[in-house]
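In what follows, chains are A, B, ... by sequence order, proteins preceding strands, each numbered from 1. The shown structure was predicted, so the numbers you read here are calculated from the model rather than taken from an experiment.
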Amino acid sequence: MEDAFIYEADGQTLIIHLPRELDHHNCKRLQYETDHLMAENYISRIIFDFTKTQFMDSSGIGILLNRYKQMGSGGGKTAFYGAGAQVMRVLKIAGIPGLMEPFETKESALLG
Amino acid sequence: MEDAFIYEADGQTLIIHLPRELDHHNCKRLQYETDHLMAENYISRIIFDFTKTQFMDSSGIGILLNRYKQMGSGGGKTAFYGAGAQVMRVLKIAGIPGLMEPFETKESALLG
Amino acid sequence: MGKKETMSIRMDSLSKNEAFARVVTAVFASRLDPTLEELDDIKTAVSEAVTNAVIHGYQNGEGVIELEACAEDNVLTVIVRDAGVGIADVKKAMEPMFTTAEEEERSGLGFSFMEAFMDQVKVFSEPGKGTTVTMKKKIGR
Amino acid sequence: MGKKETMSIRMDSLSKNEAFARVVTAVFASRLDPTLEELDDIKTAVSEAVTNAVIHGYQNGEGVIELEACAEDNVLTVIVRDAGVGIADVKKAMEPMFTTAEEEERSGLGFSFMEAFMDQVKVFSEPGKGTTVTMKKKIGR
Ligand SMILES: Nc1ncnc2c1ncn2[C@@H]1O[C@H](COP(=O)(O)OP(=O)(O)O)[C@@H](O)[C@H]1O
Ligand SMILES: Nc1ncnc2c1ncn2[C@@H]1O[C@H](COP(=O)(O)OP(=O)(O)O)[C@@H](O)[C@H]1O
C-alpha cells in the first residue's frame, strides 16, 4: 500500500525518487531514511525526482527545506526535476525554485 | 458529468451502448429514452453493449429485465456483448445469461 | 492491524450519492488491501443499500443517509442507515425478486445482491422510523 | 444548481486519513464540475487542515476529525474540525513560516497554503477545546 521511495547514489550525489503522494503520512519514512543515508555516506548534493509525484503539500515542503538546510546554503547543492503541474505550483508558492535549481530531466540535473 | 448512452439502429435491431456506471442514478434516462425509441420505431431485437461499463448493480438488472419482457420472451430477441468481470458476475447472479444471449463482440451479436 | 478504524458519513438522499457512497467506502476499504474483486463486491453492496434508502426509505424525497464503515482485523463492516418509511416485513422484503416498486423497473434483487457480495447482512427496520442495514465482509481470505 | 448539497464525515485522527480526506472531498466536489487545477487546490487545502488536526490538534494521538463539505451554487465550503489542544494565538499561527513543531520538519506553511489555494479561510479555536477551519472556494470562474 505504502508508496516506496528509491534512493540512488551517483558519486557524492544522492537522487531521491519521490513517491506518488508526498504528504505528512508518506514523509515520515523519507525523513528517517535520508538522515540515515546522509550519516553513513558523504553526500554533497541532493537531487529530488518528482517524476512520479502527483500530489505534494506543505509537509513535503518541510522535508525539502530541511534537506536544503542540511546541505548548507551554497549554490547548486540541491536541485529537482520532473515536477508536474500541482507540484510546481506548490513549489513556487513556497519559493523553492529560488533555493533549489530546477531542471527538466535527470540528465540535465546531474550535469548541474 | 453525466455518462451518455448512445443508441444505434441496425435495421430492426437497437444497440444500446451502456454507460460507464449503470446504477439507479444513471438508469433513469435509459428507461425514458428506450421507451421513447421503441414507441417511435419498430424494434424486434435489442443488443446491450457493456464494453464501457465498469460497474452495474441490481438497478441495471431491473432495466435489462424490463426490456427483455418488452421484447417478449422468444429466443434471441435480446442479447449482450462486451461484459467485463464485475458486470459478468452481476449478470450471472441475476440469471441473465439464461434469458439473453451472450456474445463476445458486436459483430457476432449482430449475426445473432 | 488489530486496531479498529472507523469512519462515518452523512449525506443527502440524492441518487448521485449512490456513486459517492460506493467510492468513499471503496477508498476507505483499500486500507485492508482488498483484491479488485473484493472492492467490486463492496461497491455493489453499498450501492444497493444506498439506492434502497433513496428510493424506498425516502421515496425519492429529502432525507439524510448515514454510512458507517469500520475496519478491524480483516473484516470490513458497513452500516447504511436511513430515517425513512421503514419496512413492515423484513423477511418478505429480503426474498429474491420481491419489490414494492415494480413501476420503477426494480428487479427486487437488491437484498439478494447484498447477500451474494457480502458475508453477512442484517436488516433492522421499524415502520415510520427507518432502516439500518449492517453488512460484513472478510477481506483477503 | 441552486440547491445546497452537504456531506459530513467523521474519521480517526490517523495520518493515513489525510489522503482519505482529500480524496473524499475531491469526489464530493466533482459535482460542481471543477477543473483539474481546482480539484488539486481543494485537495491541497484539505490535506493541510487534516494534517494539522492530526499533528497539532491531537499531537499524533487519538481523536476524531470531522470534515464537512457543502456545495451551493458554485461555491464549495469545507470545514475541518478537531477537538484537540486548540490554538492560543490564531493570528500568530497563521503567519507564514510560523510553526510550533520545528523538530518534525514542519515548514509553517500550512495556513499559507490553505489561503493560497482557497478563496477564504477562517479559523476558530479555543485552547483545550479544539479548532475549526472553514474554507470556501468558488468553482469554475
Ligand atoms: N431502506 C429501505 N426503506 C424502506 N423499504 C425498503 C428499504 N430497502 C428495501 N426496502 C423494501 O424492500 C423491498 C426489496 O428491496 P430490494 O431487494 O433491494 O429490491 P428493490 O430495490 O429492487 O425493490 C423494496 O421493494 C422495498 O419495499
Ligand atoms: N488544528 C490545530 N490544532 C492546534 N494547533 C494548530 C492546528 N493547526 C495549526 N496549529 C498551530 O499553528 C501552527 C502553524 O500551522 P501551519 O501554518 O499549518 O504550519 P505547520 O503545520 O507547518 O506547523 C502550527 O505549528 C500549530 O502550532
Side-chain angles (χ1 to χ4, degrees), chain C residues 1-34 39 42-43 46-47 49-51 53-54 58 60-83 139, chain D residues 1-34 39 42-43 46-47 49-51 53-54 58 60-83 139:
Chain C
M1 264 293 133
K3 273 204 74 188
K4 186 169 162 174
E5 292 174 18
T6 314
M7 74 98 184
S8 68
I9 183 158
R10 291 165 61 81
M11 59 205 141
D12 303 315
S13 184
L14 296 171
S15 67
K16 68 175 88 165
N17 281 330
E18 294 154 12
F20 179 64
R22 57 182 188 257
V23 173
V24 170
T25 311
V27 175
F28 179 81
S30 68
R31 65 190 66 195
L32 289 173
D33 219 357
L39 271 186
I42 295 161
K43 278 194 209 168
V46 167
S47 197
V50 173
T51 300
V54 171
Y58 294 117
N60 299 305
E62 279 185 30
V64 171
I65 299 170
E66 257 183 68
L67 187 153
E68 220 175 292
C70 159
E72 189 171 19
D73 298 317
N74 282 328
V75 177
L76 178 78
T77 306
V78 182
I79 302 173
V80 176
R81 196 179 288 122
D82 68 62
I139 303 299
Chain D
M1 258 300 127
K3 272 205 73 188
K4 184 169 163 173
E5 295 174 16
T6 313
M7 72 99 184
S8 68
I9 183 158
R10 292 166 59 82
M11 61 204 139
D12 303 314
S13 182
L14 296 171
S15 66
K16 68 175 85 166
N17 281 330
E18 293 153 13
F20 178 64
R22 57 182 188 256
V23 174
V24 170
T25 312
V27 175
F28 179 83
S30 67
R31 66 192 64 195
L32 288 172
D33 219 355
L39 271 187
I42 294 161
K43 278 195 209 168
V46 167
S47 198
V50 173
T51 301
V54 171
Y58 295 116
N60 300 303
E62 278 184 30
V64 172
I65 299 171
E66 257 183 68
L67 186 152
E68 220 175 293
C70 159
E72 189 170 20
D73 298 316
N74 281 328
V75 178
L76 177 79
T77 306
V78 181
I79 303 174
V80 176
R81 196 177 287 122
D82 68 63
I139 303 301

Side chain to side chain contact (heavy atoms under 4.5 Å, CB included) assessment of C:V24 paired with D:F20: CA-CA 8 Å; C:V24 170; D:F20 178 64; 3.9 Å; yes

Determine whether D:K16 and C:E5 satisfy the following criterion, side chain to side chain contact (heavy atoms under 4.5 Å, CB included), listing intermediate values before the conclusion. CA-CA 11 Å; D:K16 68 175 85 166; C:E5 292 174 18; 2.9 Å; yes

Residues D:M7, C:D12; criterion side chain to side chain contact (heavy atoms under 4.5 Å, CB included); working and verdict: CA-CA 7 Å; D:M7 72 99 184; C:D12 303 315; over 6 Å; no

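With a threshold of 4.5 angstrom between heavy atoms, D:L14 approaches chain C through side-chain atoms but not through N, CA, C or O. Of the two parts of C:V23, only the side chain, counted from C-beta on, holds a non-hydrogen atom closer than 4.5 Å to a non-hydrogen atom of chain D.
Of all the listed residues (D:V64, D:I65, D:N17), the one sharing the greatest number of non-hydrogen pairs under 4.5 Å with chain C is D:N17. For the set C:R10, C:M11, C:E68, the entry with the most heavy-atom pairs within less than 4.5 Å of chain D is C:R10.
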